[in-house]
Amino acid sequence: MIPRVLSGVQPSGDLHIGNYLGALANWVRIQYDYESIFCIVDLHAITVYQKPDELRGKIRELAALFLAAGIDPKHSRIVVQSTVPAHAELAWLLTCVTPMGWLERMTQFKAKAAAQESVGDGLFQYPVLMAADILLYQAAIVPVGEDQMQHLELTRDIAQRFNSLYGETFTMPATKLPDFGARVMGLDDPTAKMSKSATGAGHAVALLDPPDRIRKTIMRATTDSNPAVDFEAMGPGVANLLQIFQAFSGWTSDQMRAHFTGLRYGDLKKQVAEMTIAKLEPLQQRYRQITTDPGYLDGVLRDGAAAVTPIANATVELVKRRMGVYTSGD
Ligand code: ATP
Ligand code: MG
């Protein structure tokens, strides 16, 4: 059997180069080695308030961006999470085997809750829904950015607990990080992860930003008080710019050192901006092409849901039987 890959992105804002380098680009690289399922996780997005019309638009935009980035719908499944009800159903079943103490330790919950006036219970339960997304398909590999490592560990803990309570049921999923770009930092504040939900004009480069805007954002990126690149003593802002360049270019660390040592920050930024623009241009072109035909996108999403629903339903049925919940055979 070919191992299964599962990953997802929330339609919670404009996709940025962190999402691309940390997740999407890696998906594209490995998709043919596995049976691949990539989700637009709209049930995760609503753990913080989303304007309904904007959310509807973002779901389609995200699906088109998956395709534009190079996900091949003839091979890989692109699925909107809410179109497969088994995600929410398994999440409840797993909620019942997850100790609250495990969820209280999640750093993403702490960070996101601190930014909210009123914290919905969904934000607290978020990692259980994520565990359900993965375990539902018995995924072996989960390609994500570094910020999701803690949630993946929790997913394995939940799977292990379920297996020991009810008998071997779930495959243990392994985390797969990209070699470079696993944690892209905010350009305005290199101590904070670049995030879709963060506001502020200088924070992120979005995948659909025009070249002028990309140049402006990168040229204004926070660096440090040194005059030029020094690999022995660099601040997080410079390290972040170099990481972005390396992830886009695929250069080795030796090449990076030889090329950038001693370069003034203005020139470093120019080169990072031009590399970013060059790598995003073909994606943007394909995006424009794909969005001229909304019917095509509908078809991809319909096919995706139809292909994965039987796998998902079979897992929920098995889990219910293991737990003693009423199933069709009882
Ligand atoms: P939000 O602020 O709404 O949580 P996000 O930018 O964190 O948005 P997610 O949809 O939560 O994006 O995550 C989608 C994928 O992108 C995950 O695999 C995550 O690990 C990865 N990712 C998110 N931010 C970064 C980043 N700054 N660098 C590398 N990978 C990232
Ligand atoms: Mg996130």
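Whatever order the structure lists them in is the order used to number ligands and atoms, beginning at 1.
Nearest protein neighbour of atom 2 (O) of ligand 1, counting heavy atoms only, is Ser197 OG, 2.4 Å. Nearest non-hydrogen protein atom to atom 19 (C) of ligand 1 is Asp147 OD1, 3.3 Å. For atom 11 (O) of ligand 1, the nearest non-hydrogen atom of the protein is Gln10 NE2, 3.0 Å. Scanning the protein for heavy atoms near atom 13 (O) of ligand 1, the closest one is Asn19 ND2, 4.0 Å. Looking only at protein heavy atoms, the nearest one to atom 24 (N) of ligand 1 is Lys193 NZ, 2.8 Å. The nearest protein atom to atom 10 (O) of ligand 1, hydrogens excluded, is given as Lys196 NZ, 2.6 Å; this is a heavy-atom distance.
The nearest non-hydrogen atom to atom 30 (N) of ligand 1, considering only Ala198, Gly18, Gly13, comes from Gly18. Taking all heavy atoms of Ile17, Leu152, Val184 into account, the minimum distance to atom 26 (C) of ligand 1 is reached by Val184.
Here Ser12 has side-chain heavy atoms under 4.0 Å from ligand 1, and that is the only part of it that gets that close. By the criterion of a heavy-atom distance under 4.0 Å, the backbone of Ala182, and not its side chain, is placed next to ligand 1. Contact annotation: for Val144 versus ligand 1, heavy atoms closer than 4.0 Å belong to both the backbone and the side chain.
Here the two rings, on His87 and Tyr137, have centers that are under 6.0 Å apart. Aromatic ring centres of Phe109 and Phe124 lie closer together than 6.0 Å. Taking the six-membered ring wherever Trp is involved, the centroid distance between the rings of Phe260 and Phe245 falls below 6.0 Å.
Proximity to Gly22 (heavy-atom distance under 4.0 Å) selects the following atoms of ligand 1: 29 (C), 30 (N). Remark: ligand 1 atoms within the under-4.0 Å shell around heavy atoms of Gly8 are 14 (C). Residue Lys112 approaches ligand 1 through these ligand atoms, each under 4.0 Å from one of its heavy atoms: 1 (P), 3 (O), 4 (O). Shown in contact with Arg183 at under 4.0 Å from a heavy atom are these atoms of ligand 1, numbered in order with element: 28 (N), 29 (C).
Remark: Lys216 NZ is loosely packed, at most 12 non-hydrogen atoms of other residues, nucleotides or ligands lying under 6.0 Å away. Within 6.0 Å of atom NZ in Lys110, more than 12 heavy atoms from other residues, nucleotides or ligands are found, so the atom counts as buried in its surroundings. Other residues, nucleotides and ligands place no more than 12 heavy atoms under 6.0 Å from the NZ atom of Lys176.
Between Met185 and ligand 1, a contact under 3.5 Å exists for no N or O pair. Between Ala23 and ligand 1, a contact under 3.5 Å exists for no N or O pair.
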Stepwise salt bridge (Lys or Arg N to Asp or Glu O under 4.0 Å) check, Arg56 with Asp53:
CA-CA 5 Å; Arg56 257 188 292 277; Asp53 283 339; 2.7 Å; yes
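A donor-acceptor pair is defined here as one N or O able to donate and one able to accept, closer than 3.5 Å; such a pair exists between the side chain of Gln150 and the backbone of Arg105. A distance-only check finds no donor-acceptor pair linking the side chain of Asn226 to the backbone of Ala228 [under 3.5 Å].
Residue contacts with ligand 1 leave out Gln108, since none of its heavy atoms falls under 4.0 Å from the ligand. At least one heavy atom of His16 sits less than 4.0 Å from an atom of ligand 1. Not a single heavy atom of Leu21 sits under 4.0 Å from any atom of ligand 1. Using a 4.0 Å heavy-atom cutoff, Gly181 is listed among the residues neighbouring ligand 1.
Using a cut-off of 4.0 Å between Lys/Arg side-chain N and Asp/Glu carboxylate O, Arg215 and Asp212 are scored as salt-bridged.
With 3.5 Å as the limit, one finds a donor-acceptor pair spanning the side chains of Tyr126 and Gln10.
The two atoms that bring Gln50 and Ala45 nearest to each other are NE2-O, 3.0 Å, heavy atoms only.
Across Lys58, Lys196, Arg213, a single residue satisfies salt bridge (charged side-chain N to carboxylate O under 4.0 Å, His left out) together with Asp14, and that is Lys58.
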